Number of protein chains: 2
Amino acid sequence: SVNPDLASERQTASFSVEKLTALLDGGTEQTQIRRAVVEAIESDPVFSRENQYFQTQNERYEAAVRKAVHLQKKMHEMGWTENGPEYKYIYRALSGDVAFLLHRVFMRSISVLGSDKQIAKWIPLATQHKLIGSYAQTELGHGTYLQGLETTAVFDTATQEFILNTPKISAMKWWPGDMGRSATHTVVFAQLYVHGKCYGIHPFIVQIRSLQDHSLCPGVTAGDIGPKMNFEHIDNGYLLLKNVRVPRENMLSKFCEVRPDGTYVRQGSQKINYFTMTTVRISLISDEVLTPLMKACTIAIRYSVVRRQSKLKPGEQEAKILDYQTQQEKLLPQLAAAYAFHFINDYLQELFNRGYREIQRKNFDMLPELHALSSGFKAVITQHSTAGVEICLRACGGHGYSLLSGLPSLYTKILASCIYEGENTILLLQTARFLIKCFMAASAGQPVPPSVTYLAAVKHSKCPAKNKLDFLSPDIYTEAYQHVAVRLISSTAAKLQDLIQSGVKKHDAWNQCTVQLVQAAKAHCHYIAVKNFVETVEKLETKAGIQKIMKHLCDLFALHGIFSNTGAFLHDGYTSAAQMDMVTASYLDLLAVIRKDAVPLVDAFDFTDKSLNSALGSYDGHAYQRLYEWAQKSPTNQMSPAYERYLKPLLHNTLSKL
Amino acid sequence: SVNPDLASERQTASFSVEKLTALLDGGTEQTQIRRAVVEAIESDPVFSRENQYFQTQNERYEAAVRKAVHLQKKMHEMGWTENGPEYKYIYRALSGDVAFLLHRVFMRSISVLGSDKQIAKWIPLATQHKLIGSYAQTELGHGTYLQGLETTAVFDTATQEFILNTPKISAMKWWPGDMGRSATHTVVFAQLYVHGKCYGIHPFIVQIRSLQDHSLCPGVTAGDIGPKMNFEHIDNGYLLLKNVRVPRENMLSKFCEVRPDGTYVRQGSQKINYFTMTTVRISLISDEVLTPLMKACTIAIRYSVVRRQSKLKPGEQEAKILDYQTQQEKLLPQLAAAYAFHFINDYLQELFNRGYREIQRKNFDMLPELHALSSGFKAVITQHSTAGVEICLRACGGHGYSLLSGLPSLYTKILASCIYEGENTILLLQTARFLIKCFMAASAGQPVPPSVTYLAAVKHSKCPAKNKLDFLSPDIYTEAYQHVAVRLISSTAAKLQDLIQSGVKKHDAWNQCTVQLVQAAKAHCHYIAVKNFVETVEKLETKAGIQKIMKHLCDLFALHGIFSNTGAFLHDGYTSAAQMDMVTASYLDLLAVIRKDAVPLVDAFDFTDKSLNSALGSYDGHAYQRLYEWAQKSPTNQMSPAYERYLKPLLHNTLSKL
């Protein structure tokens, strides 16, 4: 039985939820496959996340290892393979709560960076789990700036070995997943030295634990880096190496090799490898960023129609909190963003597939654009989505703060996505560097990649909107976004040039422009996201009400962005104050329109109760009942030694009756 | 030995750190008292927080109870009393990591709401810890809107008792601290019924656990609500009451009484009571909001001068990350805000002391203004500071994400301040209601309270600044803030009136304006905070360089606010685009100026290493060493059963040598 306050929300849906789910999945067949995977995983008690919020870091780790081992068996049983259509749904179905993810990165590194001989030796061993791999790049003192890594690998011609050392505390490997307690092997990135000459960073396969008894190998110190905001299930580790020797054959040598006599040979093009690094940033968006945002929206919106608080109209019963404009203004833009980012993710995936085909034909022309887009969108989507999850959490008041709501874990997990795989500010500056370059080229009449041709086009200098309805016209708002992006990019380029012409050194000038460069890069991505949402809506079938509701969400996404950044649009008078008031009016009107379909719009994400793992957000809307039931299972409801030890003596002058 | 990268930052301080510390403390004597308290607490191993990041919720609770019990002894030993000058520093010195805080709220409730007879009976019992009290107001389904509480207390004339019930699951008391496991008594807020008539919410003292063996009393179901984002040390609880009877004398009856025959009598003025509720919002700012923000700034800024990453100039060593403009732009505005909020807190404290004196003279005129200011600033300061702590956390990259940095705990704790003691959006709307009322009065030429007289004054319609240096003039930016506040309040008042005049019902019109009302309330508080910072700087002694650096921080606080909300200042042309470019230029210039004193500015907060409890932020700057040492103590570095259970069987086809 569904809570009537929630049930009533579903009766008035303006569109077919099932059809929208299929659209999000990419077709009804995909929906079926996904649901079958979810069903198989969730019905298996080994994969249960039931007690997750009560577990210690040690218990979480043990459960994740158990699940990883069981998953091998499950895949075999179910006939799922790494190349099968089910594969991509497994991780989502597990909510990422599984170990040995770095084992896969270990394998991919060898596949991409290793010679054919190395692949032939190591991949079968890894596939059969005759070893457990990790990937050791980041150091205690060094992250994004790879050239700064301090671990060394010195070639010893006499023994035909590399001698690996982490010579200082800041050189210690720090963070690699699966390395703290599980891994037997890892790929270590180190500065290669041959005959006293440094050749820069190279990857080496290093055994760190015995295959007999799992004890640390000689010269190896390793362990777990301890508690984190989330990822308790992962044994992120540290690694110290002291004169650890590996054979010459352990340097991954697809692109570079050290010959027995110490000759260093570089071979082939590494460009495809850069492309691989770039695709990782895109591939994390779906599982690590969109899914948490969509879950948070589902929980917060469902809760906001079963929670009643205060009265909207005197004499009536207390109102659903989603009926308050302020609550709508918190949640509905996050919902719109979730859809916008889903569609931009589709766009990026397609672009990268195209890029991959070109690169296989040895055409590397698309690389700079792909790098700029993947960096910028990784940063913008993770940042926006993290803020969105936090807003959802806070919008649920005290109950959002309980781990049992599921929201704190979603927040603490998605937050990490702003940091890993390239810190966001650094990524945005890489996008900005590309934009400045393209802007200069476009200004000089040279050709530029497709996503930035708009930098060359001549545009209106004033927004043509005449009333609030005009701001529901995609042309109007898309052009406004474009105008802002061009303005921010061009004005920052001008500032940069002015500084350099006034005698400031290039690197200083760059540093003095970075705050504005970050703004320019964000504006570019925001523009592309809006434009892509508009184009997606245009292509939708007009049936089943889906196009109409998606148009509303697209409008909301665009107008929310303007409403939240009015200065950028007002600055040079492109948008007038009167027009900004129209934006505000249209934006607030839209909230009330979308509010009606809010629950169906989150239902379409099709999360099961088990995957949400939230006392607040279940499909049946019985939030209070569930909170109470779950709380009773908490270990904090077992007897505490505190009573006998402290409370009883404190209350020793007990009065039998006060 | 201090890390040389940190030591060098201190050598160039432009002011006396010790004198700034004294200024923050309110005099050198206060500094001495504070340091003595901190020293006494930190040298006592019972109060240690050393293993805090490794402990389970159960362990945290037990430690907090142990500390609370030990604190009684300690206070006695040290000769500290609740009215002594040391008292206010104890909680800060403990970093709030102590139980029985609600016991104090229990006592305060009785003092404020109880009759003299009730006070005489209960306060001595509570003072001697012959019982442990709690305070049960919030329900599973009801928070800020007190009228909606569902717990009932029905008077039974026959037995002269109240019969208490939580008739539905949503009526269950939920969240009260110290109630889950510790409390023997609590003050329950319930709807009073006499002879079938409801008299609204009243407070009742209810015993919930036996004083003999701590078992639950008949009709009482209670327990712990389980895991939360923070506050693991507090046993926030739930409470179900089923026909629980308390004697007539247990209704707190300073203001209302039920006579033996059931006659309901209201006596005296409750206004002083509203004042008490209002002061709680102000009293939490210092310990629960400012301290965490200042700690986060200390950690992030110290770390940002010992962390080196990438190169600013080719050929040089890697740069301190605080030398990057983007890092300065993240951290320094948070530092400026910490100072701004410290000074506004002083202002509010003073105002409330004055208000208290007036109220004791039965003059309640200041109440509406005090209510509006306490609501607005509670919301604005908690919101801004929570965002600030999050920025500090993210600015430390991966290491900020480790619990050992101390930043995650600061974040998860300060976040709660946005929700408790009045959810922020609701509070801002209360401030807005006051502002709209005052604006209407001022427009009609009626007198208004001092903090809003500016609503009546006639002002420039254009900002008079002519170059970027003009924006370092407090008159210029204070007036800009004032202008924006007036514009947002007046335009929202106009929208509200228009809607009502066009036939929209009053409550609907209000709801349709709430997003803008929230903006208006924030603008008002922001203006007052800037104005107060300016006035504080003017009053500072010009010696010791303190006034100069405070002036820089004040400028930064003001310009950061403009830079982050350009639209509000550009909207009606008060500030032109050219002027906004000047703001940006001045703002970015200031970052580089303040960066030089960043470390001395956080040193002045005078946090000991133990109170920071951060591997990243220690006074000596040896962040990497400490991270490594602390990580080794983590329970995740003990043997895991996962090896024997899962890894060994997985690796069963062990190859002795690969």
Side-chain angles (χ1 to χ4, degrees), chain A residues 53 56-58 62 65-66 69 129-130 140 145 148 169-170 175 181 211 214 223-229 309-310 313 318 325-326 329 394 397-398 401-404 408 416 418-419 423 425 507 511 514-515 566-567 570-572 577 624-625 631 634-637 640 642-643 646 650 653-654, chain B residues 53 56-58 62 65-66 69 129-130 140 145 148 169-170 175 181 211 214 223-229 309-310 312-313 318 325-326 329 394 397-398 401-404 408 416 419 423 425 507 511 514-515 566-567 570-572 577 624-625 631 634-637 640 642-643 646 650 653-654:
Chain A
Y53 303 128
T56 64
Q57 197 181 353
N58 270 334
E62 195 184 332
V65 171
R66 184 184 68 226
V69 172
H129 282 93
K130 290 185 176 172
L140 193 42
Y145 183 68
I169 185 158
S170 52
W175 276 113
R181 317 177 81 169
L211 291 164
H214 220 237
D224 187 277
I225 64 165
K228 299 145 293 185
M229 261 186 118
Q309 173 89 15
S310 200
K313 294 185 196 177
E318 290 187 67
Q325 189 188 50
T326 45
E329 213 266 324
R394 285 161 69 159
Y401 192 76
S402 164
L403 291 200
L404 305 179
C418 297
I419 300 163
E423 194 275 332
T425 303
H507 51 262
N511 191 25
T514 45
V515 167
T566 53
L570 287 166
H571 188 278
D572 61 352
Y624 300 144
Q625 189 64 41
S634 170
T636 51
N637 280 314
S640 163
Y643 175 66
Y646 308 113
L650 185 74
N653 285 327
T654 302
Chain B
Y53 302 129
T56 64
Q57 196 180 353
N58 271 335
E62 196 185 332
V65 170
R66 184 183 69 227
V69 171
H129 282 95
K130 290 184 177 170
L140 192 42
Y145 183 69
I169 185 159
S170 52
W175 274 113
R181 317 176 81 168
L211 290 163
H214 220 235
D224 187 277
I225 64 165
K228 300 146 293 188
M229 261 187 119
Q309 173 89 16
S310 200
L312 254 175
K313 294 183 197 179
E318 290 187 68
Q325 189 187 50
T326 45
E329 213 267 323
R394 285 161 68 159
Y401 192 76
S402 165
L403 290 200
L404 306 179
I419 300 163
E423 194 276 332
T425 303
H507 51 263
N511 192 26
T514 45
V515 166
T566 54
L570 287 166
H571 188 278
D572 62 352
Y624 299 145
Q625 188 64 40
S634 170
T636 50
N637 280 312
S640 165
Y643 174 65
Y646 308 113
L650 185 73
N653 286 326
T654 301

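As the structure is a prediction and not an experimental result, all values here were calculated from the model. Throughout, protein chains are lettered first and strands after them, A, B, ... in sequence-line order, and every chain is numbered starting at 1.
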Any sub-3.5 Å donor-acceptor pair from A/R66's side-chain atoms to B/Y646's backbone N or O? no
B/I419 backbone acceptor or donor facing A/R394 side chain under 3.5 Å: no
Enter the distance from B/Q57:CD to A/T636:OG1 here, rounded to the nearest 0.5 Å. 4.5 Å
Just give me the residue among [options] that pairs up with chain B most often, heavy atom to heavy atom, under 4.5 Å.
options	result
A/V515, A/D572, A/T425	A/V515
A/T566, A/V69, A/T326, A/L404	A/T326
A/S310, A/G223, A/S170, A/A642	A/S310

For a 4.5 angstrom cut-off between non-hydrogen side-chain atoms, does [X] reach [Y]?
X	Y	result
B/L312	A/H507	no
B/L570	A/H571	yes
A/I225	B/S402	no

In short, A/P408 meets B/M229 closest at the heavy-atom pair CB-CG, 3.2 Å
Under the side chain to side chain contact (heavy atoms under 4.5 Å, CB included) test, which residues partner B/N637, sequence neighbours left out? A/D224, A/Y238, B/S634
Of the listed residues (B/G226, B/P227, B/A631), which shares the most heavy-atom pairs with chain A below a 4.5 Å separation? B/P227
May I ask you to name which of B/Q325, B/E318, B/H214, B/Q309 has the most heavy-atom pairs under 4.5 Å with chain A? B/Q325
Residue part contacting chain B, namely of [X], when any heavy atom lies under 4.5 Å:
X	answer
A/L140	both
A/T56	side chain
A/E62	both
A/E423	side chain

Checking B/Q625 against chain A: side chain, backbone, both or neither under 4.5 Å from a heavy atom? both
Does the plane of the ring in A/W175 sit parallel, tilted or perpendicular to the ring in B/Y401? Use 30° and 60° as the thresholds. tilted
